[in-house]
There are 2 protein chains.
Amino acid sequence: MKTSEKKEKISRKTIQRLTMYLKCLEKFSPDDYISSEEMGVLLGVTAAQIRKDFSSFITNIETCIGIRGKGYNVKCLYEMIENILGINKQNNVIIVGAGKLGNAILLEGDIEKPRFNIVGIFDITKSRIGKEYKGIKISSVSDIPKIASEQRIDMAIITENKSIAQQVTDIVTQSGIKAILNMTSLEIKVPRDVVIEHIDLNRKLQELNYWKEKAE
Amino acid sequence: MKTSEKKEKISRKTIQRLTMYLKCLEKFSPDDYISSEEMGVLLGVTAAQIRKDFSSFITNIETCIGIRGKGYNVKCLYEMIENILGINKQNNVIIVGAGKLGNAILLEGDIEKPRFNIVGIFDITKSRIGKEYKGIKISSVSDIPKIASEQRIDMAIITENKSIAQQVTDIVTQSGIKAILNMTSLEIKVPRDVVIEHIDLNRKLQELNYWKEKAE
DNA sequence: TAGATTGTTAATCGATTAACAATC
DNA sequence: TAGATTGTTAATCGATTAACAATC
């Protein structure tokens with residue numbers, strides 16, 4: 001099967017679980033075999049759920065998959081999920097906002113290294129530009145279009161101050177970058193052909209509070 | 001109706017949307033009226049969805065609610081949602097991990113101020129203890145039990161290094177703190193009576209990558 | 001072969017949407 | 001009253017689970 005063939009649609013819920021399965025598999029040796037039952041217990045998911053999730057792409061991509069009576073080979077399964085998610089390659093990421101948050105993500109964000117490769121950090125504040133962290137020099141946000149034209153930038157993580165987050169994101173999207181991770185508390189708007197995910201600390205705290213009170 | 005009466009169960013999806021509605025309402029004047037239609041357009045949700053979400057607690061809590069032909073009063077609706085989420089009061093939060101990430105959240109995390117009140121920041125590293133940020137002094141993680149016994153701590157945000165995240169979380173939960181926001185890449189385990197939410201940057205990037213490739 | 005576990009189908013469950021009477 | 005929009009019911013859609021034949 002050609003990779004160009006359109007994939008069947010996989011639900012958002014399934015995609016979220018795939019990233020969870022991936023993380024779980026990292027604890028095992030590549031040669032191990034793991035059953036859906038075993039994995040389900042570890043992750044608090046039913047075995048049926050797991051097999052169902054896998055079945056949604058078994059028919060699409062010819063690849064090794066579970067062996068009846070034995071389970072799934074860890075390495076095979078891992079690579080298949082990586083494949084589905086499209087993370088079996090190096091993705092170039094930039095951080096936009098070199099304040100404390102951007103800096104924290106760059107230096108102690110535990111970003112998976114060869115998979116997500118941070119190739120630049122940018123800021124709008126003159127006084128920050130030129131400083132170097134971890135061998136990466138802070139550049140001006142106004143340089144993003146130029147840099148994006150020179151090398152493939154797959155994603156941008158927005159860590160700028162809320163007040164200018166929309167403004168810098170506009171520069172990012174105008175530079176042709178198609179994926180944004182928004183870490184500001186502003187509800188950033190992007191053109192329809194750009195995908196965006198939001199990490200909103202306040203909303204998470206609000207949710208957490210509900211579950212806490214409910215549990216009491 | 002007493003507040004002690006057990007609430008009907010509201011789905012996780014609905015709770016997530018409630019935090020979204022709250023954020024949306026903040027853009028309006030308290031005296032405004034907003035219709036489900038109007039709000040739906042702003043948020044990319046159907047009007048029916050919104051009314052359905054609201055209806056799940058209309059019958060539970062006697063409060064002002066929508067007016068037919070007119071819509072919902074912003075202030076009323078806002079307060080009702082705050083009430084449901086249990087965030088109509090001050091929640092005391094501690095940050096555990098005074099590295100770059102903890103520091104970033106404390107100083108530029110845009111945490112909603114009176115609602116989530118950061119009352120302490122802790123670290124395990126001797127050299128960091130005693131430093132002061134924003135009027136809050138970094139204390140030793142070993143002081144958490146004592147501090148938690150002196151004042152109500154509603155939540156802890158874990159920003160410690162991955163390698164010791166489980167260890168410090170154990171101290172937190174043993175101190176009687178019942179809600180954890182895990183910002184490390186470690187899958188922290190907590191006792192069954194503690195609620196936990198995870199913010200995992202790598203998993204978010206993986207998801208984002210899938211949607212990006214799918215959109216292409 | 002016997003035991004284990006897959007892949008898949010059908011049944012169940014839950015969440016979303018459409019439609020509309022109620023009513024401001 | 002006429003227009004607008006709610007609150008709710010019933011219909012639809014999608015996701016999860018149970019069950020089991022297939023097969024390693």
Side-chain angles (χ1 to χ4, degrees), chain A residues 7-21 24-25 28 31-78 80-81 84 207, chain B residues 7-21 24-25 28 31-78 80-81 84 207:
Chain A
K7 295 184 195 87
E8 293 291 306
K9 93 184 227 285
I10 304 178
S11 75
R12 177 167 281 262
K13 276 281 190 69
T14 298
I15 294 299
Q16 286 170 351
R17 281 191 298 264
L18 289 187
T19 67
M20 180 170 80
Y21 300 150
C24 177
L25 288 170
F28 292 83
D31 298 331
D32 283 350
Y33 280 78
I34 186 169
S35 69
S36 54
E37 175 65 28
E38 200 178 346
M39 207 169 177
V41 171
L42 283 171
L43 296 172
V45 170
T46 64
Q49 178 73 270
I50 292 175
R51 294 201 300 278
K52 192 76 210 266
D53 281 341
F54 294 169
S55 76
S56 56
F57 41 82
I58 282 167
T59 44
N60 296 335
I61 294 177
E62 57 190 35
T63 178
C64 63
I65 189 57
I67 297 168
R68 285 161 205 242
K70 199 169 179 193
Y72 302 88
N73 174 263
V74 168
K75 184 168 187 284
C76 268
L77 187 54
Y78 191 87
M80 189 172 65
I81 296 174
I84 300 293
E207 261 186 73
Chain B
K7 295 183 193 88
E8 293 292 307
K9 92 184 228 285
I10 303 179
S11 75
R12 177 167 281 262
K13 276 280 189 71
T14 297
I15 293 299
Q16 286 171 352
R17 280 191 300 264
L18 289 187
T19 68
M20 181 170 80
Y21 300 150
C24 176
L25 288 170
F28 291 83
D31 298 331
D32 284 349
Y33 279 78
I34 188 169
S35 69
S36 54
E37 175 66 28
E38 200 179 344
M39 209 170 175
V41 171
L42 283 171
L43 296 173
V45 170
T46 65
Q49 177 73 270
I50 292 175
R51 294 201 300 278
K52 193 76 210 265
D53 281 341
F54 294 169
S55 77
S56 56
F57 42 82
I58 282 166
T59 43
N60 294 337
I61 294 177
E62 57 190 37
T63 177
C64 63
I65 189 59
I67 297 169
R68 286 162 204 240
K70 200 169 179 192
Y72 301 88
N73 173 262
V74 169
K75 183 167 186 284
C76 266
L77 188 54
Y78 191 86
M80 190 172 66
I81 297 174
I84 300 293
E207 261 186 72

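Labels below follow one simple rule: chain letters A, B, ... track the order of the sequence lines, proteins then strands, and each chain is numbered from 1. For clarity, every value in this text was computed on a predicted model and none was experimentally measured.
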Round to a whole Å and report the spacing from CD of A:E38 to C1' of C:dA4.
-> 13 Å

Checking N1-N3 plus N6-O4 or O6-N4 for Watson-Crick, or N1-O2 and O6-N3 for wobble, each under 3.5 Å, the partner of D:dC24 is C:dG3

Is the distance from OP1 or OP2 of C:dG7 to the nearest side-chain N or O of A:Y72 less than 4.0 Å?
-> yes

Determine the contact category for A:S11: base if any of its heavy atoms lies under 4.0 Å from a base atom, sugar-phosphate if only primed atoms, P, OP1 or OP2 are that close, otherwise nothing.
-> sugar-phosphate

Please state how far atom CD in B:Q49 lies from atom P in D:dT8, giving the value in whole angstrom units.
-> 16 Å

Given that A:T46 and A:R68 both sit by DNA chain D, which one's nearest nucleotide is further toward the 5' end?
-> A:T46

In whole angstrom, give the distance that lies between atom CD1 of B:I65 and atom C1' of D:dT8.
-> 14 Å

Side-chain N or O of B:S35 less than 4.0 angstrom from OP1 or OP2 on D:dA4?
-> no

Counting any heavy atom closer than 4.0 Å, what does A:R12 reach on the DNA or RNA strands: base, sugar-phosphate only, or nothing?
-> nothing

What integer distance in Å separates B:I50:CD1 from C:dT17:P?
-> 11 Å

Calculate the interatomic distance between B:I67 atom CD1 and D:dA4 atom P; express it in whole Å.
-> 17 Å

Which is true for B:K52 with a 4.0 Å heavy-atom rule: it touches a base, it touches only sugar-phosphate, or it touches nothing?
-> base

Of A:K70 and A:A48, the one whose closest DNA chain D nucleotide lies more 5' | A:A48

Nearest-Å distance for atom pair CD/P, residues A:E37 and D:dA18 = 11 Å

Does D:dT6 have OP1 or OP2 sitting under 4.0 Å from an N or O in the side chain of B:R51?
-> yes

Shortest non-hydrogen contact between A:I81 and A:F54, atoms and distance | CD1-CE2, 4.3 Å

